[in-house]
Undergrad: 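Sharing a structure, written as structure tokens. Questions coming.
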Amino acid sequence: MIDLTLVRENPDLYQTACRIKNIKLDIKKFLALDEERRTLMTDVQKMQTERNAVSKKVPTLKGVEKEATIKEMKALGEKLKKAEESLATIDRDWMSQQLQLPSIALKTVPIGKDDMENVELRKWGTLPSFAFDPKDHVTLGEMLDIIDIPRGVKIAGSRSYFLKGDGARLELAVLQFTIDSLVKKGFTLFTPPLMANYAAMMGTSYFPGGEEQAYAVGVDRTPEMGLSEKDAKQIESDKHYLIGTSEVSVASYHSGETFKAAELPKRYAGFSNCFRREAGTYGKDARGLYRIHQFQKVEQVILCEADPDVSAKLHAEILQNAEDILQALKLPYRIVAVCTGDMGRGQVYKNDIETWMPSRKGYGETHSCSTFYDFQARRLGIKYETATGEKKFVHTLNNTCIASPRILIPILEIYQNKDGTVTVPEVLRMYMGGQEKIEVPKGM
RNA sequence: GGUGGGAUGGCCGAGUUGGUCUAUGGCGCCCGACUUGAAAUCGGGUAAACCCCAUAAGGGUUUCGUGGGUUCGAAUCCCACUCCCACCGCCA
């Protein structure tokens with residue numbers, strides 16, 4: 001959400017922001033509506049003022065005068081009701097447009113229309129070379145009996161999978177390693193609600209706009225369940241959404257709260273399953289574990305004071321935390337600056353980390369590091385009180401620290417051996433009982 | 001799932017025959033007085049969002065769980081919903 005006085009004062013700036021972020025919103029029209037809304041609001045308030053004043057006088061009046069006043073007020077009441085109704089109509093339109101307003105990207109953000117125009121900033125690591133014909137993670141997973149996609153599809157439909165045996169253990173190992181690393185750095189770990197209400201989805205700026213990517217719980221089940229109207233209504237009001245990232249729950253954790261400046265920054269780590277419908281991606285990344293409906297992620301969430309220097313520093317910090325994990329795993333990666341068209345309404349700056357995936361013969365996105373300034377905080381109502389007593393909205397940031405099974409793609413593919421086994425990355429062995437290799441299970 | 005109780009300002013809590021309620025009172029917090037300093041005491045002040053206005057001074061509206069209704073007027077009456085607490089039942 002944007003401070004509207006800024007939009008009123010700088011309409012061109014926001015129109016440009018819409019254009020470069022691919023948001024279809026006519027700022028001039030929005031401001032005209034905003035003007036209309038305020039005019040009407042003033043009218044309504046004037047009528048309310050009169051009603052309040054006269055109503056207060058009524059008990060002191062008697063007889064004819066009282067009758068006349070009440071009659072007069074009745075007429076005013078009808079006029080007021082009509083005005084309030086048209087205000088409510090305008091309000092809805094105004095609100096939905098207001099939620100479209102983008103934040104202003106930093107000057108350093110490359111201008112571009114989609115991920116093709118993201119800019120590589122730097123690379124780390126040496127790309128693997130194989131003295132044999134390397135297999136992709138799907139083949140490796142089948143041969144080692146650690147990934148079972150066909151049975152996942154049988155149970156839950158396309159883009160579903162089972163991790164099995166050492167595959168499941170490897171996932172837990174990499175997650176636990178990441179969690180330990182963040183905890184050592186002073187992060188507070190959360191296992192948050194996996195279901196969130198509309199306010200949390202809206203507050204973190206996934207809604208409106210991202211509804212089709214979220215699984216809704218307790219909605220539209222009336223026909224199949226044969227519910228009574230009353231029960232159906234109850235379920236409708238029960239509506240929750242499966243989170244696509246723990247950012248939704250963890251960033252909303254302090255919604256409506258006000259901190260003392262000294263309590264900031266908050267360094268939070270959310271560990272959760274994540275659910276994504278992946279609507280509109282039919283056929284894209286169809287093979288393997290790259291794009292699936294359910295995964296596990298350790299996410300960093302930061303709340304800090306509203307100072308661009310402070311949030312820039314923390315952005316670098318949480319980016320580095322993710323790089324530390326990849327470096328410990330010895331996985332080559334690159335950092336890109338995400339361009340305006342690929343960065344979303346609320347972010348002012350965003351980096352992706354892309355990890356080398358041999359089967360893709362390229363880097364694939366594994367992390368996403370965003371700075372929002374006060375965009376989310378305004379929607380969530382998270383403030384802090386400065387030393388001078390001023391109340392301001394906090395800045396929020398977040399970054400993936402690890403997401404699995406996507407990270408298993410480079411691990412399996414880079415650590416594979418000629419004989420089809422996979423070496424367990426050194427730092428993960430202690431989480432797998434010291435195991436050094438994943439081999440074909442006995443009896444296969 | 002059943003029965004009962006409840007939701008009021010940062011916290012506790014009064015107000016429910018609709019109108020001097022401008023939401024009593026207390027606690028906490030802030031400022032001041034007294035004091036060498038502190039405590040105690042005394043005095044004053046203590047919500048948010050939004051609108052008008054010159055980014056002043058000032059004025060106004062809304063908010064007593066949420067939404068709707070009745071009324072000239074609603075914390076107070078009516079309807080629906082949400083959430084919390086207690087006990088019973090069921091349950092990983």
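Every chain is numbered from 1 and lettered A, B, ... according to where its sequence line falls, protein lines coming before strand lines. What you see is a predicted model; the values in this text were computed from it and never measured.
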Undergrad: Between A/Arg51 and B/rA74, is there a side-chain N or O to OP1/OP2 distance below 4.0 Å?
TA: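 Checking A/Arg51 against B/rA74: no side-chain N or O falls below 4.0 Å of OP1 or OP2.
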Undergrad: Using heavy-atom distances to pick each residue's nearest nucleotide on RNA chain B, tell me which of A/Thr49 and A/Lys71 is more 5'.
TA: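 Comparing both residues, the 5'-ward one is A/Thr49.
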Undergrad: Give the rounded distance in Å between these two atoms: CZ of A/Arg8 and C1' of B/rC52.
TA: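 After rounding, the reported distance stands at 12 Å.
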Undergrad: Sort out the partner of B/rA47 for me: Watson-Crick or G-U wobble, both distances under 3.5 Å, none otherwise.
TA: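 Checking every strand shown, B/rA47 finds its partner in B/rU63, with both distances under 3.5 Å.
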Undergrad: If I pick the C1' atom on B/rC77 and the same atom on B/rG19, what distance separates them, to the nearest angstrom?
TA: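 Straight-line distance between the two C1' atoms is 14 Å.
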Undergrad: Once you apply the 3.5 Å cut-off to both distances, tell me the Watson-Crick or G-U wobble partner of B/rA14, or none.
TA: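 Pairing partner: none.
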Undergrad: Check the phosphate of B/rA48 against A/Lys391, side-chain N and O only, distance under 4.0 Å to OP1 or OP2. Yes or no?
TA: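 It does, given that an N or O in the side chain of A/Lys391 lies less than 4.0 Å from OP1 or OP2 of B/rA48.
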Undergrad: Between A/Leu40 (CG) and B/rG60 (P), how many Å, whole number?
TA: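 Taking CG of A/Leu40 and P of B/rG60, I get 21 Å after rounding.
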Undergrad: Under 4.0 Å between a side-chain N/O of A/Asn52 and OP1 or OP2 of B/rU62, yes or no?
TA: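 Yes, A/Asn52 has a side-chain N/O under 4.0 Å of OP1/OP2 on B/rU62.
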Undergrad: Quick one: label A/Thr69 by what it contacts on the DNA or RNA (base, sugar-phosphate, nothing), any heavy atom closer than 4.0 Å.
TA: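 A/Thr69: no heavy atom of the nucleic acid under 4.0 Å.
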Undergrad: Is there a donor in the side chain of A/Ser246 and an acceptor in the side chain of A/Glu299, or the other way round, less than 3.5 Å apart?
TA: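 Their side chains do not contain a donor-acceptor pair, so the 3.5 Å distance test is not met.
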Undergrad: If the P atom of B/rU62 is compared with that of B/rU22, how far apart are they to the nearest Å?
TA: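 Looking at atom P only, B/rU62 and B/rU22 are 13 Å apart.
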Undergrad: Is A/Arg38 near enough to B/rC50 that one of its side-chain N or O atoms lies under 4.0 angstrom from OP1 or OP2?
TA: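 The answer is no; no side-chain N or O of A/Arg38 sits under 4.0 Å from OP1 or OP2.
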Undergrad: Report which part of the nucleic acid A/Val58 touches: base, sugar-phosphate, or nothing (heavy-atom distance under 4.0 Å, all strands).
TA: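 Touches a base.
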Undergrad: Less than 6.0 angstrom separating the ring centers of A/His293 and A/Phe275, yes or no?
TA: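 That pair fails the under 6.0 Å test.
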Undergrad: Applying a 3.5 Å limit to both distances, which nucleotide forms a Watson-Crick or G-U wobble pair with B/rG58?
TA: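 Checking every strand shown, B/rG58 finds its partner in B/rC52, with both distances under 3.5 Å.
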Undergrad: On a whole-Å scale, what distance lies between the P atoms belonging to B/rU66 and B/rC52?
TA: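 B/rU66 and B/rC52 have their P atoms separated by 25 Å.
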Undergrad: In whole angstroms, how far is the P atom of B/rG69 from the CD atom of A/Glu84?
TA: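 Spelled out: CD on A/Glu84 to P on B/rG69 is 10 Å.
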Undergrad: Examine B/rA49: is either OP1 or OP2 under 4.0 Å from a nitrogen or oxygen in the side chain of A/Lys383? Give yes or no.
TA: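 So the side-chain polar atoms of A/Lys383 do come within 4.0 Å of the phosphate oxygens OP1 or OP2 of B/rA49, strictly under.
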Undergrad: If the P atom of B/rC84 is compared with that of B/rA57, how far apart are they to the nearest Å?
TA: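 About 43 Å, rounded to a whole number of Å.
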Undergrad: Using the C1' atoms only, state how far B/rA40 lies from B/rG60, rounded to an integer number of Å.
TA: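 One C1' to the other, the span is 43 Å.
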Undergrad: Rounded off to whole Å, could you give me the CD-to-P distance for the A/Gln45 and B/rA49 pair?
TA: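 Distance check: A/Gln45 CD to B/rA49 P gives 16 Å.
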Undergrad: I'd like to know whether A/Ile402 forms a side-chain contact (heavy atoms from CB on, under 4.5 Å) with A/Val174, so could you lay out the CA-CA distance, the side-chain angles of the two residues, the decisive distance to 0.1 Å, and finally the verdict.
TA: CA-CA 8 Å; A/Ile402 206 80; A/Val174 76; 4.3 Å; yes
Undergrad: Remember a base hit wins even if backbone is also touched, and classify A/Arg378 as base, sugar-phosphate or nothing at under 4.0 Å, heavy atoms.
TA: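 The residue A/Arg378 makes no contact with any strand.
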Undergrad: Taking only the P atom of each, what is the distance from B/rG26 to B/rG43 in whole angstrom?
TA: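 These two P atoms come out 10 Å apart once rounded.
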Undergrad: Can you tell me, in whole Å, how much space there is between the P of B/rA7 and that of B/rU61?
TA: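 After rounding to an integer number of Å, I get 28 Å for this pair.
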Undergrad: Round to the nearest Å and state the distance from A/Lys46 atom NZ to B/rU62 atom C1'.
TA: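 Spelled out: NZ on A/Lys46 to C1' on B/rU62 is 18 Å.
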Undergrad: Watson-Crick or G-U wobble partner for B/rU82, using a 3.5 Å limit on both distances?
TA: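 Pair assignment: B/rU82 / B/rA7.
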Undergrad: Can you tell me if A/Thr371 and A/Lys350 form a side-chain donor-acceptor pair at under 3.5 Å?
TA: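 There is no such pair (donor and acceptor under 3.5 Å, judged by atom type) between the side chains of A/Thr371 and A/Lys350.
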Undergrad: Using heavy atoms to find the nearest nucleotide of RNA chain B for A/Gln48 and A/Lys66 separately, return the residue whose nucleotide is more 5′.
TA: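 Whichever sits nearer the 5' end wins; that is A/Lys66.
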Undergrad: Is any side-chain heavy atom of A/Leu397 closer than 4.5 Å to one of A/Ser370?
TA: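 Contact flag for A/Ser370/A/Leu397 side chains = no.
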Undergrad: To the nearest Å, give me how far apart CG (A/Asp91) and C1' (B/rA49) are.
TA: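 Value for this atom pair: 13 Å.
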Undergrad: Rounded to the nearest Å, what distance is computed from the CE atom of residue A/Met41 to the C1' atom of nucleotide B/rU62?
TA: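 Rounded to the whole Å, the gap is 10 Å.
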Undergrad: P atom, B/rU24 versus B/rG45: distance in rounded Å?
TA: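 Looking at atom P only, B/rU24 and B/rG45 are 13 Å apart.
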Undergrad: Taking the six-membered ring where the residue is Trp, are the ring centres of A/Tyr268 and A/Phe187 under 6.0 Å apart?
TA: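 Judged by ring-centre distance (under 6.0 Å), A/Tyr268 and A/Phe187 do not meet the cut-off.
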Undergrad: What does B/rC87 pair with, Watson-Crick or G-U, if both distances are under 3.5 Å?
TA: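 Per the H-bond distance test, B/rG2.
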Undergrad: I want to check one thing: is the phosphate of B/rG19, taken as OP1 and OP2, less than 4.0 Å away from some side-chain N or O of A/Lys56?
TA: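 The answer is no; no side-chain N or O of A/Lys56 sits under 4.0 Å from OP1 or OP2.
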Undergrad: Nearest-Å distance, CD (A/Gln98) to P (B/rA49)?
TA: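 After rounding, the reported distance stands at 15 Å.
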Undergrad: With both distances kept under 3.5 Å, what pairs with B/rU36, Watson-Crick or G-U wobble?
TA: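 B/rU36 is paired with nothing.
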Undergrad: For the residue pair A/Asn321 and A/Lys185, confirm or rule out a side-chain donor-acceptor distance under 3.5 Å.
TA: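 A donor-acceptor contact under 3.5 Å links the two side chains.
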